[in-house]
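Everything below concerns the one structure shown next.
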Number of protein chains: 2
Amino acid sequence: MTAQRRVVAEVLDGRHVHLTADEVHARAVAKLPEISRATVYNTLGELVSLGEVLEVSTDKRAKRYDPNAHQPHHHLVCAQCGTIKDVHPSGNPLADLPDSERFGFKVSDVEVTYRGVCPNCSAA
Amino acid sequence: MTAQRRVVAEVLDGRHVHLTADEVHARAVAKLPEISRATVYNTLGELVSLGEVLEVSTDKRAKRYDPNAHQPHHHLVCAQCGTIKDVHPSGNPLADLPDSERFGFKVSDVEVTYRGVCPNCSAA
DNA sequence: CGCCACCATGGACAAAGTCCAAGACCGGGC
DNA sequence: GCCCGGTCTTGGACTTTGTCCATGGTGGCG
């Protein structure tokens with residue numbers, strides 16, 4: 001656990017938002033100016049492997065990192081401003097996929113993304 | 001409707017696979033060698049706006065284009081080889097999102113991605 | 001004290017996509 | 001038939017996002 005990794009962990013910790021790798025880097029630099037992009041990417045990759053952080057790809061521009069890895073949840077995205085909210089739908093989408101639609105896959109995970117327009121953007 | 005657009009539409013038409021923009025470009029070039037990348041991107045963008053084609057982002061590397069836009073469906077992705085299958089779960093995930101979890105959003109769409117391992121990869 | 005393994009660094013590189021200025025093409029009006 | 005205006009395509013430069021690699025430093029251990 002080096003100084004650099006601590007900083008990356010601190011950036012994600014607590015603030016329950018969904019940062020891009022670049023944003024993580026920007027905030028890490030604010031705390032530890034000489035940290036490099038490569039290190040941030042390395043560390044994020046390790047956190048993902050450890051299951052401490054989730055990679056989310058709600059848009060195709062950049063990966064986002066979700067510190068809320070320990071509770072299963074899904075995402076609600078504003079189509080206009082890109083805001084992301086965590087949501088907890090009732091029901092289990094995994095159960096909605098009948099065997100006949102599994103094509104022999106071992107299905108292990110589901111990712112649900114709701115899209116819509118947030119109050120802010122629909123007001124504007 | 002120019003020659004270039006016809007070619008892009010032809011590439012997507014019929015073959016029910018999920019091509020990346022680059023693959024679309026490669027196949028378009030085979031039919032019309034002087035077509036440029038910019039044109040393919042433009043045309044794909046228009047097809048998406050028209051609702052003729054869907055953008056799918058199952059991995060974060062590249063957008064994929066799904067010609068099966070007129071029938072709602074979701075995707076089953078192999079975590080190892082990236083194969084994509086269309087699936088049709090029972091149930092409606094939109095209905096599973098209670099008002100209390102909508103944060104005032106106008107929710108209009110849901111995208112469900114199942115992840116797993118395909119028979120081929122799990123055999124290997 | 002010296003060595004070794006690991007890690008961070010920065011810069012180059014790669015992939016995917018966007019933007020822009022210039023030219024081709026097409027249809028309409030004269 | 002010819003010019004005009006607009007629209008589309010083109011090619012290339014540029015940006016963004018991410019990965020790779022060689023180098024150098026640091027800490028622990030014998």
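Chain letters run A, B, ... following the sequence lines, proteins first and then strands; every chain starts at 1.
Contact annotation: B:Tyr41 side-chain N/O to C:dT18 OP1/OP2 distance is not under 4.0 Å. Put simply, A:Thr2 has a side-chain N or O that comes within less than 4.0 Å of OP1 or OP2 on C:dA8.
Taking only side-chain atoms of B:Lys63, from C-beta outward, the nucleotide of C:dA8, C:dG17, D:dT9 with the closest atom is C:dG17. Residue A:Ser36 has its side chain nearest to C:dT9 when only C:dT18, D:dG18, C:dT9 are considered. The side chain of A:Asp22 lies closest to D:dT17, out of D:dT9, C:dT9, D:dT17.
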Given side chain to side chain donor-acceptor pair (under 3.5 Å), test B:His74 with B:Asp86 step by step and report yes or no. CA-CA 6 Å; B:His74 298 294; B:Asp86 284 6; over 6 Å; no
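Nearest-nucleotide assignment on DNA chain D puts the 5′-proximal partner with B:Val40, out of B:Val40 and A:Ala38. Each of B:Asn42 and B:Ala62 lies near DNA chain C, and the nucleotide nearest B:Ala62 is the one positioned closer to the 5' end.
Interatomic distance, A:Arg102 CZ to A:Leu94 CG, rounded to the nearest 0.5 Å: 6.0 Å. The distance from the NE2 atom of A:His25 to the CG atom of A:Leu19 is 13.5 Å, given to the nearest 0.5 Å.
Taking atom CG of residue A:Leu44 and atom C1' of nucleotide C:dC7, one finds them 16 Å apart after rounding to whole Å. Rounding to whole angstrom units, CZ of residue A:Arg5 and P of D:dT26 are separated by 16 Å. Remark: P of C:dC7 and CD of A:Glu34 are 18 Å apart, rounded to the nearest angstrom. Going from atom NE2 of A:His25 over to atom P of C:dT9 covers 9 Å, rounded to whole Å. Note: NZ (A:Lys31) to P (C:dA8) measures 17 Å, nearest angstrom. In this structure, CG of A:Leu32 is placed 17 Å from P of C:dC7, rounded to the nearest angstrom. Between the C1' atom of C:dA15 and the CZ atom of B:Arg64 lies a distance of 14 Å, rounded to the nearest Å. Counting to the nearest Å, the P atom of C:dG17 and the CD atom of B:Glu55 are 9 Å from each other.
Using a 4.0 Å cut-off between a side-chain N of Lys or Arg and a carboxylate O of Asp or Glu, A:Arg27 and A:Glu10 do not qualify as a salt bridge.
Side-chain to base pairing of A:Arg37 with D:dG18: one donor and one acceptor N or O lie within less than 3.5 Å of each other.
Heavy atoms of A:Arg61 sit under 4.0 angstrom from primed sugar atoms or phosphate atoms, though from no base atom.
Under the 30°/60° scheme for interplanar angles, the aromatic rings of B:His18 and B:His73 are found to be tilted.
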